[in-house]
Amino acid sequence: MNQSIDVLPDHKKTQLYRLRHSLSHILATAVRQMRPEVKLAFGPPVENGFYYDFDFGDSPLGESDLEEVERRMSAVIKERRPFVREEKSFDEALRFLEESGEVYKVEYARELIDTGVANGDTLSFYSSGDFTDMCEGPHLDHTGEVPKKCFKLDRISGSYWRGDEKRPMLTRIYGLAFESAQELSEYLAMRKLAMERDHRKLGEELDLFVQDNEVGVGLPLWMPKGTVIRDELEKWARETEFLGGYQRVSTPSVTRKELYLRSGHVPYYEDSMYPPMPVDENDHYYLRPMCCPHHHKIYASRLRSYRELPLRLCEYGNVFRYEKHGSLSGLLRVRAMCMNDAHIYCTPEQVEAEFKAVIAMYQMYYGHLRMGNFRVRLSLHDKSSDKFVDRYEDWEHSEDIVRRVLDNLGIGYEEEAGEAAFYGPKVDIQVKNLMGREETVSTCQLDFVMPERFDLNYVDANGERKRPYILHRAPLSTHERMISFLIEFYGGAFPTWMAPVQVRLVPVNAELAEYAQGLEAKLRGAFFRAETDLSDESFNKKIRNAVTQKTPNIWILGKQEMEQGTVTWRRYATKDQKCVPVEDALVMLETMRRDRAMDNFADVNIW
RNA sequence: GCUGGAAUAGCUCAGUAGGUAGAGCGCGUCACUCGUAAUGACGAGGUCCGGGGUUCGAUUCCCCGUUCCAGCUCCA
C-alpha cells in the first residue's frame, strides 16, 4: 500500500520485490479478463507474496474462481509481455484514470498530487500488454521473467478501502510468490508444519483449555492441565514481584460506572467494554476492562508520604473486554482474561529508575523463556488524533523519558505514532504468532493523566503535596495471550517446571506396577506432578503415548531398575536417556524445578 | 462489526446426482504382559450446527440464524 514515489529504498530494488510487484499486476490483468468492469484499488508486494484489492460491484469472484485466475495468470506470463513505464502529467494521469472509471486510483492520484508526495510534475504508469496501472514500480522487464511455478494464489478475503471501515469493502486476493518453485514449496511445507503448532490445535490435543458455546464466545475454560501452566506462571510472577518490592492486592471484577467516568474509559472506550448492568435504581455496574482504577483507589485510600514511594501494587487480575466478534481467536484474542498487572506510583525523580527496573524484568522473563522473537515498539501519541489527551508538553516530556530509558539500556526499538495509550506513551513487546499476526504481548506505560483524574498525591520532604507518576506494566501479559504464544513457540512441549505432567512413570510390565506406584507416591509427596501408566497397552504404545503428550520426563521402570533402585530417565527434548539412582533423580528434579530449567530445549543439560 | 469460506462420531475427514450415513484414530470389553513412537479381536458412539421453506421424503436444494476459519477493522 506504500506507493510513495520517492527515491526507491533498497528493498524495492530487489528482484524479489519486482517479481512480487509484477505478479500483482499480472493478477489484476487476469482478473480484469474475467471481470472487465472491476475497479482496481491497491496491489502491493508484501511479505511472502503480493495482493491486489478489487471492487467487483455486484459480481464478485469467489474462492472457486481462483483456479481460473491462476490459469489466466500463467497464460499472461507465457506471453512475455514487456512492462513499459510511462510518465503522464498530472492532468493527463487524472484524465486517463477518470476515463477508465478507476475511482480509487483517481482518489489516490489526487492525494499524491495534493500532498506533494508525487515529486516532479508527473505520475508514473506501467503497462503490460493491454493492462495499464498507475504505479511507481519497479517491475520485471517482461512477464516471462516470472519463474515457473513460483507463485500460488493463497486466499481471498475482504478489506476496507484505505483500511477504513466506513469506506467500501473490497475483495483482496492474496498470492504467495518466491524466486523459485522450490522456495515456494519450502514455504508451503514450513507453513504446514507451523500449523501443527497452532495453540488452538495443541490446546485441545494436550487438554489445556476448551471453549463452550453455552458459556460464550471468547470465554475459554481452562482445563486442569492448562491451569497448571497458569499457576506456575503466577507463582513465578509472585516470586519475581516480591523480590522487586511489589505488594499484592486483590480487587473486584465489577465496578460502578462512576469509576470509569473518572478514569475516562467511559465514554472513550465504552464500545470495548461489556454493556453496563443496571443495579438498583440509578446505578450501573461494568465488568472491568482493566485493574488500574482499582489500584489507584487503593493508592488514594489515604494520604501518602514520599517515603512510601515507589509504591508497587500488583495483581493477577481478571479483566473483561468486549472485543469485536470477528477478531476473537483461540486464546490470542478473548473477552475474559487474567492479566499480570501492576501499577507503580512514584515521584518524578524515580520514574526513570522504575521504568528501567520494569524493562529489566521484561528482559529477565523473555530471556528465561527464550522468547527472542519479538520487537520493541515505542508507542507514541499522534497529534492529529483526538484519541489522546490534549496535553502536548506532558506528551513530549514523558515520551522523552521513555525513549531515554530504552536508549540507556541499549534496547533496539521502533517508534510508532498513534499507538500510545490515551493517557501516556508505552513500550510494547510485539510478537508474531504462527499466522504472522502481530500482537502486543507485554506493555509498560507511563501515565501522566490518571494521577490528576484520581487526584493522587503524596507529601514531599517539604510537606508539599505533589503528583506522582504511574507506571502500568504487564510483563507476562495475560495468561491467555502469553500461554497461546508459549504453546506455539514450544510446540506444546513445556519445560519440566511448567509441564502439566512432569514425570510419566512407565512400568515395563504389570509386575512393576506396584513399584511404579510407590515411586509416584514419593514424587507426589515432594509435590511433583507424576503419573503412572497402568494401562494394558504395549510398552511401545506407552512410550508413544507419553511422547505424544509431550511429557518432558519419562521414567522407565523394569526389573533391573527395581532391583537396583534406579530409573531409566528419558528426556522429551533430546530423546536421550540415562539410568539414574532414584534418590539422585529426585535431587535433579528438585534442581530443575528450583532453577526453572528450560529443559524443553535440547541444549539445556539436566544431568 | 464487515467480506469470503466452512460446519457429518470425542478427533481428523470421506459420502449421499434428495430415499436418515462410513473410515482411521480415540473410547469400551476380552485376549496378549510386552525394554524405548501404534499387539490383536469384538463392540459402543451420529437431531449429518439450529430454525424455517420447497418436496411424498431434506444431512443434501433455498432462506434466516449460530459457531468456527481466513482477511479487513479494532485492540486500554
Side-chain angles (χ1 to χ4, degrees), chain A residues 51 53 55-56 60-66 154-174 195 198 200-201 204-205 210-214 216-218 260 263-265 268-273 288-293 319 321-330 332-335 339 341 379 387-388 419-424 426 428 435-440 443 445 447 449-450 472 474 481 506-513 535-549 554 556-561 568 570 572 575-577:
Chain A
Y51 69 77
D53 283 343
D55 185 344
F56 287 113
L61 290 184
E63 209 169 274
S64 52
D65 297 308
L66 291 185
D154 192 30
R155 46 180 67 120
I156 183 166
S157 63
S159 73
Y160 299 107
W161 169 235
R162 309 309 298 270
D164 184 343
E165 62 181 327
K166 293 181 189 68
R167 309 206 58 188
M169 172 64 74
L170 309 171
T171 302
R172 175 171 298 179
I173 299 178
Y174 279 96
M195 290 308 117
D198 189 317
R200 291 165 297 195
K201 181 179 152 74
E204 184 180 292
E205 283 174 10
V210 293
Q211 305 235 24
D212 183 290
N213 210 17
E214 215 162 317
V217 294
Y260 298 121
S263 68
H265 290 100
Y268 292 129
Y269 289 100
E270 205 173 9
D271 283 350
S272 305
M273 294 162 71
R288 68 170 171 193
M290 76 294 295
C291 306
C292 1
V319 294
R321 298 175 184 180
Y322 194 77
E323 299 284 355
K324 283 182 182 171
H325 197 286
S327 69
L328 299 171
S329 176
L332 190 61
R333 188 75 73 85
V334 291
R335 285 179 172 169
M339 186 182 279
D341 217 350
S379 300
K387 181 183 147 188
F388 306 101
E419 295 291 341
F422 75 90
Y423 46 73
K426 50 181 186 148
D428 296 318
M435 295 298 296
R437 187 188 298 185
E438 186 183 82
E439 295 279 359
T440 302
T443 177
Q445 307 165 359
D447 177 357
V449 174
M450 293 304 156
H472 304 236
R481 192 164 283 185
V506 179
V508 167
N509 62 47
E511 285 168 30
L512 279 309
S535 67
D536 285 338
E537 302 292 350
S538 67
F539 181 71
N540 278 313
K541 190 61 179 288
K542 289 182 191 174
I543 297 291
R544 180 181 158 81
N545 285 342
V547 172
T548 309
Q549 283 294 302
I554 303 173
I556 292 147
L557 307 168
K559 199 174 163 200
Q560 192 190 324
E561 284 84 352
T568 293
R570 174 178 158 144
Y572 176 83
K575 292 193 175 73
D576 287 346
Q577 60 181 27

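Every chain is numbered from 1, with letters handed out A, B, ... down the list of sequences. Quantities reported herein were computed from a predicted structural model and do not represent experimental measurements.
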Open item on the list: Please confirm whether the shortest side-chain N or O distance from A:K541 to OP1 or OP2 of B:G26 is below 4.0 Å.
Closed with: yes

- [ ] Would you tell me if any nitrogen or oxygen in the side chain of A:K387 comes within less than 4.0 Å of OP1 or OP2 on B:A76?
- [x] yes

Open item on the list: Check A:R333 with A:E323, please: is the shortest side-chain N to carboxylate O separation under 4.0 Å?
Closed with: yes

Open item on the list: At less than 4.0 Å, is any side-chain N or O atom of A:S538 found next to OP1 or OP2 of B:U39? Yes or no.
Closed with: yes

Open item on the list: Strictly below 4.0 Å: does A:Y174 bring a side-chain N or O up to OP1 or OP2 of B:C72?
Closed with: yes

- [ ] Would you mind telling me which of B:C2, B:C74, B:G35 lies closest to the side-chain atoms of A:V508?
- [x] B:G35

Open item on the list: Counting the atoms with a prime plus P, OP1 and OP2 as sugar-phosphate, which does A:E561 contact under 4.0 Å by heavy atoms, base, sugar-phosphate, or nothing?
Closed with: base

- [ ] Give a yes or no on whether a salt bridge exists between A:D164 and A:R162, defined as a side-chain N under 4.0 angstrom from a carboxylate O.
- [x] no

- [ ] For the pair A:K201 and A:E205, find out whether any cationic side-chain nitrogen is under 4.0 Å from an anionic carboxylate oxygen.
- [x] yes

Open item on the list: Pairing donors with acceptors under 3.5 angstrom, does anything connect the side chains of A:S272 and A:E270?
Closed with: no

Open item on the list: Strictly below 4.0 Å, N to O, side chains only: are A:K387 and A:E419 in salt-bridge contact?
Closed with: no

Task: A:K559 NZ: over 12 foreign heavy atoms closer than 6.0 Å - done: no

- [ ] To the nearest Å, give me how far apart CG (A:D536) and C1' (B:C34) are.
- [x] 11 Å

TODO: Consider the side chain of A:R155, meaning its heavy atoms from C-beta on, and name the nucleotide among B:A70, B:U3, B:U36 that approaches it most closely.
DONE: B:A70

TODO: Could you give me the stems involving RNA chain B, meaning stretches of three or more consecutive Watson-Crick or G-U wobble pairs whose two defining distances are both below 3.5 Å?
DONE: B:1-7 with B:66-72, B:10-13 with B:22-25, B:27-31 with B:39-43, B:49-53 with B:61-65

